[in-house]
Amino acid sequence: MDFKSIEKKWQTRWEKAKFNHFDRKDDERKKFYVLEMFSYPSGAKLHVGHWYNYGPADSYARFKRMQGYNVFQPMGFDAFGLPAENYAIKTGVHPKDSTEQNIATMEQQLRAMGAMFDWSAEVKTCEEDYYCWTQWMFLQLYKNGLAYRKEAPVNWCPSCNTVLANEQVEGGVCERCGTQVVRKNLTQWFFKITAYAEELLTGLDSLDWPDKTKNMQRNWIGKSVGCEVEFDCESGDTIKVYTTRCDTIFGVTYVVLAPEHPLAKKLTTDEQREAVEQYIDYAAHASEIERLSANREKTGVFTGSYCINPVNGNRVPIYLADYVLATYGTGAVMAVPAHDERDFAFATKYHLPIVKVIEKKGEETVLPYTEDGIMVGSVQFDGLVGEEARSAVAKYITKLGKGGSKVNYRLRDWLVSRQRYWGAPFPVIHCPACGDVPVPEKDLPVRLPYDVEFRPDGKSPLAKHEKFMHTTCPVCGGEAERDPDTLDTFVCSSWYYLRYADSQNDKAPFDRAAVDKLLPVDTYVGGAEHACMHLLYARFFTKALRDLGYLDFDEPFKRLVHQGVILGPDGNRMSKSHGNVVSPDDYVNEYGSDAFRLYLMFGFSYTEGGPWNDDGIKAISRYLDRVEKLVLKISDYKAGKNPPYGAEEKTLDYARHSTISRVTKDMEAFSFNTAIARFMELTNAITKYDALPVKNVPLLRSVAEDLVKLLAPCAPHFCEELWEELGHKDFVFEEDYPVADPEKLTLDEKEYAVQVNSKIVCRANISTSLSDEEIEAYVKTLPEVVERVGDKTVRKCVVVQGRLVNLIVG
RNA sequence: GCGGGUGUGGCGAAAUCGGCAGACGCGACGGAUUUAGGAUCCGUUGGGAAACCGUGCAGGUUCAAGUCCUGUCACCCGCACCA
């Protein structure tokens, strides 16, 4: 088959018939929204990863379509972002120009793939008609207190010259470029994702997502149940600490503040001032490597002040130490060196007292002892253990009016400011008189100017664009400046799946009815690397928009599937520097898009991925040839009179229906490699039947047609062509996906493994109508069994219907 | 350190509720066809001469374990001073 011409032929026909367009008016069929993560328009062409994501997922979408769903499968581009800007800095090509060029190339390649993308719904996040609404989203969050600006210690990537969200720092280095991140205190915009921490956590339970991904989000949100306690200072200030171990509170021998804690300087005495300021400076400049080193020596400094432990009135010293994080809990902890490893190390180093207040049950207590144990030296609480102990102490603290139970989350608010050019500008004006003023919605979009100097120097490129910066305050009309930062590109991708539902709308980001009808996404397919970024942000957006009344569902993605990663042939991640990049184009040119897609589906376990290896691609190509020859040969047969329907025909029909039933399950489960194995088995069964001298032509033909239908989602152009050759006028995709007939799935007899004392002695075909007792009786007559059993008695017989019989003798 | 995952032929991989390990392919070997090569078609193919042995390793539960339990090793991923 000349795949090049048939690919073109069917792509053109599908387009002409608007086959790929989601039918918004259709109320008969159930909608089904299949979404693949949209792509970043990089300079390189479509790589194997894109193909692996989109090809098999498209087969799934086509499968759902043939099952009778009104399938919506859109595609678009996550077009803002750093790579285009970095490319511009290197080459001088403007990000807008290179991005548009790349999108054009990729669109063409994506079309050539032959996927049923509904291009009429396409979105490009860098275009005004999209980022206008991204800015609108910001304004809604701002109006409702979910976006705020504050000075905070933030992660700064010196190579990308911008701040990063917590989620974009991996092990202390920039997720994108691998550069060590440094801390800076900057005034930045945040989204209050923490307001949804609890719902983001509990909502996971209802989602059909990989457990691993759900667990990663749970970990990331990091719920912790503990207790807040107030320690009064002699200065009159109060230090709030957070602890999960209030059962150890009688063992507090000092209190530690993070160096950035607001009370740090205030509580410092004159004698200690110099040492403290030095330490604060040291902590601010300690490199991240140092901070991250697991067994880094603890450092700290005494403030000179003391505070009072509310439960026993003990006077304890207040220290500063950078092992306490400013951004978690209250930025202060009560130190119990006897029962916490970090406090133990610190106390040992600075010769602070260590007081044991928990004892290990029945064994000697070795300090630091951090497990649950029996409270001792704790007056009225002595003898209490674990959870019970903590709740008693927490109650007591509440009664004292010094705090009480408290839930904390590890999740931080989402920092969305970026000091870069190629992104959506903040719709905010800073007025010397009125402060931060949101741009009125009617003035959106705040256009991103083209003529900008984007050489990075740590300041936002837009800040140097006077025309952009200079504006008037919408409130007082006075001179004012725009915010020079741009929004994190993850903001753009947090709502694109909603825009697809109504992408041409120029009055609103989307119409509520359209979105409520199409969403949530039924199946979302994309990489696992987004577990704690995009997938979390998108959930947050959905919940926030729901609460603001813009939509009516709780979760954006009902089902999530991660495709695996295709590595280079050497087992490493594909990259130019490894020199192991495999280009799909070469294979597509040589074998065709269907064969390439089919190979991706067959050669790997979809969710696992693995090293690239093209050994099997010829085999797939050969398989398609076999199918073609076989089907065409059968289509030429003339039906004889009185076609036979005996054992052979029954076997063939059984092969057909068991293939249908198993493939349907496999496709639904994204178990594409096994689905294709079933196609091959069915093909083998047809070949075998076809070799018989006398055959039932109508049956054979109908089985062959079913094979074409079953295979169609996985090899769409190829099957359309075959379908046409078989004499059909309509698309094969207008056909119903075959449904297994349960009657044809029952066999008269099945092969059993016959075991004596759990060892297989023979196999036997046994009628499926026999009862366990009848099977046992029959099996006992088999010569192999008689020989093994001899005169020993059968003490037990296990029958597993349809599978095996096990006689226990002796 | 914490959380999660993976480990099966020469290779990619399969294996419903615990029920014949290795489906389907690749490769290899043998044969047919062919002047030859290629292509195609048909067989064989976990190891072992065999009894038997085989799912990282060592135990356990069970009539029966790749699957369940305990311990252990290796690799991968995520988090990592979160009090």
Side-chain angles (χ1 to χ4, degrees), chain A residues 170-172 210-220 222-224 226-227 241-246 248 255-256 258 291-296 298 321-325 327-336 339-343 345-346 370 408-412 528-529 531-532 565 571 599 602-605 607-608 610-620 622-623 625-626 629 662 665-666 671 673-684 687 691 751-763 795-810:
Chain A
E170 287 179 353
D211 284 337
K212 187 181 172 161
T213 308
K214 292 206 270 188
N215 273 328
M216 276 170 70
Q217 289 208 354
R218 285 188 188 111
N219 266 319
W220 191 258
K223 181 175 182 172
S224 127
C227 188
V241 304
Y242 175 73
T243 179
T244 52
R245 288 298 304 275
C246 64
T248 65
V255 162
V256 198
R291 281 177 68 89
L292 285 165
S293 152
N295 38 17
R296 176 184 178 215
K298 303 268 179 288
D322 69 356
Y323 78 90
V324 174
L325 306 175
T327 46
Y328 181 74
T330 59
V333 304
M334 58 178 220
V336 186
H339 306 292
D340 182 280
E341 278 168 28
R342 297 152 301 187
D343 299 342
F346 191 83
T370 59
N408 257 324
Y409 299 91
R410 225 183 55 114
L411 185 70
R412 309 289 150 80
E529 67 276 14
C532 293
V565 179
Y599 175 61
F602 181 61
F604 305 85
S605 168
T607 53
E608 300 284 312
W612 174 257
N613 175 317
D614 60 10
D615 283 351
I617 193 163
K618 276 194 216 91
I620 283 289
R622 196 155 58 215
Y623 170 69
D625 286 346
R626 267 185 66 206
K629 272 189 224 157
R662 298 171 77 183
K665 279 191 200 119
D666 287 346
S671 179
N673 53 347
T674 52
I676 290 160
R678 314 285 178 235
F679 297 145
M680 291 172 170
E681 283 173 313
L682 180 58
T683 310
N684 291 343
T687 305
E751 191 186 75
Y752 281 63
V754 181
Q755 302 180 328
V756 174
N757 284 344
S758 306
K759 293 224 160 124
I760 293 176
V761 295
C762 65
R763 284 161 234 279
R795 295 202 301 205
K796 192 174 172 185
C797 176
V798 180
V799 176
V800 181
Q801 280 288 344
R803 290 187 176 269
L804 61 73
V805 189
N806 190 3
L807 294 173
I808 313 304
V809 305

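In what follows, chains carry the letters A, B, and so on, assigned in the order in which the sequence lines appear, proteins first and then strands, with residues in each chain numbered from 1.
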Toward the 5' end of RNA chain B, by each residue's nearest nucleotide, A:T687 or A:A332: A:T687
A:D340 vs A:M216, nearer the 5' end of RNA chain B by closest nucleotide: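 Taking each residue's closest nucleotide, the earlier one in sequence belongs to A:M216.
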Using a cutoff of under 3.5 Å, can you pull out all pairs of nitrogen or oxygen atoms linking the protein to nucleotides 13-15 of chain B, with atom names and distances?
from	atom 1	to	atom 2	distance (Å)
B:A13	O3'	A:N673	ND2	3.0
B:A14	OP1	A:S605	OG	3.0
B:A14	OP1	A:N673	ND2	3.0
B:A14	O5'	A:N673	ND2	3.4

Touch check for [X], heavy atoms < 4.0 angstrom, all strands: base, sugar-phosphate only, or nothing?
X      : result
A:I808 : sugar-phosphate
A:R622 : sugar-phosphate
A:D211 : nothing
A:R662 : nothing

May I ask you to evaluate whether A:Y328 reaches the phosphate of B:A83, defined as a side-chain N or O under 4.0 Å from OP1 or OP2?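 So the side-chain polar atoms of A:Y328 do come within 4.0 Å of the phosphate oxygens OP1 or OP2 of B:A83, strictly under.
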Is the base of B:C17 syn or anti, if syn means a glycosidic angle within 90° of 0? syn
For B:G46, does the glycosidic angle fall within 90° of 0 (syn) or outside that (anti)? anti
Between A:Y242 and A:T244, does a side chain to side chain contact (heavy atoms under 4.5 Å, CB included) hold up when you go through it step by step? CA-CA 7 Å; A:Y242 175 73; A:T244 52; 3.9 Å; yes
Nearest-Å distance, [atom1] ([X]) to [atom2] ([N])?
X      : N     : atom1 : atom2 : answer
A:K212 : B:G5  : NZ    : P     : 9 Å
A:L682 : B:C24 : CG    : P     : 13 Å
A:N806 : B:G18 : CG    : P     : 18 Å
A:W220 : B:G4  : CH2   : P     : 18 Å
A:K223 : B:C79 : NZ    : C1'   : 19 Å
A:K759 : B:C63 : NZ    : C1'   : 13 Å
A:R410 : B:G3  : CZ    : P     : 14 Å
A:D343 : B:C81 : CG    : C1'   : 10 Å

With a 3.5 angstrom cut-off on both distances, give the Watson-Crick or G-U wobble partner of [N], or none if there isn't one.
N     : value
B:C75 : B:G5
B:A36 : none
B:G22 : none
B:C41 : B:G31
B:A49 : none

A:Y623 side-chain N/O to A:T683 backbone N/O, donor-acceptor pair under 3.5 Å: no
Any donor-acceptor N/O pair, A:N408 side chain to A:S224 backbone, under 3.5 Å: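 No, A:N408 side chain to A:S224 backbone: no donor-acceptor pair under 3.5 Å.
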If the condition is ring pair (Phe, Tyr, Trp, His ring centres under 6.0 Å), which residues does A:Y323 pass it with, not counting sequence neighbours? A:F346
Separation of the [atom1] atoms in [N] and [M], to the nearest angstrom:
N     : M     : atom1 : result
B:A74 : B:A58 : P     : 16 Å
B:A83 : B:C57 : P     : 39 Å
B:G19 : B:A13 : C1'   : 22 Å
B:G46 : B:G9  : P     : 13 Å
B:A50 : B:C68 : P     : 33 Å
B:G31 : B:G10 : P     : 25 Å
B:C26 : B:U40 : P     : 10 Å
B:A65 : B:A21 : P     : 10 Å

Those residues that, when tested against A:T370, pass side chain to side chain donor-acceptor pair (under 3.5 Å) (two or more places apart):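 Applying side chain to side chain donor-acceptor pair (under 3.5 Å) to A:T370 gives none.
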Residue list, side chain to side chain donor-acceptor pair (under 3.5 Å) with A:N684, at least two apart or on another chain: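 Partners of A:N684 by the side chain to side chain donor-acceptor pair (under 3.5 Å) criterion, ordered by chain and then number, come out as A:R626.
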Checking side-chain polar atoms at under 3.5 Å, does A:N673 have a donor or acceptor matched by the opposite partner on A:S605?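 Judged by distance alone, the side chains do not pair up.
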Considering only [options], which nucleotide approaches the side chain of [X] most closely?
X      : options             : value
A:R803 : B:C63, B:U16, B:G4  : B:U16
A:A677 : B:C24, B:G3, B:A83  : B:C24
A:V333 : B:A83, B:C41, B:A64 : B:A83
A:M680 : B:A83, B:G19, B:C24 : B:C24

If you take any heavy atom closer than 4.0 Å to RNA chain B, which residues from residues 613-620 of chain A end up in contact?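 Those residues whose heavy atoms fall under 4.0 Å from RNA chain B, taken from residues 613-620 of chain A in numerical order, are A:D615, A:A619.
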Under the side chain to side chain contact (heavy atoms under 4.5 Å, CB included) criterion, do A:N757 and A:V809 qualify, and how do the steps go? CA-CA 6 Å; A:N757 284 344; A:V809 305; 3.6 Å; yes
Counting neighbours of CD on A:E341 that are heavy atoms of other residues, nucleotides or ligands and sit closer than 6.0 Å, is the number greater than 12? no
Student check: side-chain heavy atoms of A:K618 and A:Y599 closer than 4.5 Å: no
Between A:R245 and A:D340, does at least one N-O distance fall below 4.0 Å, as a salt bridge requires? no
Results of side chain to side chain contact (heavy atoms under 4.5 Å, CB included) for A:K796 - residues two or more places apart only: A:V798, A:I808
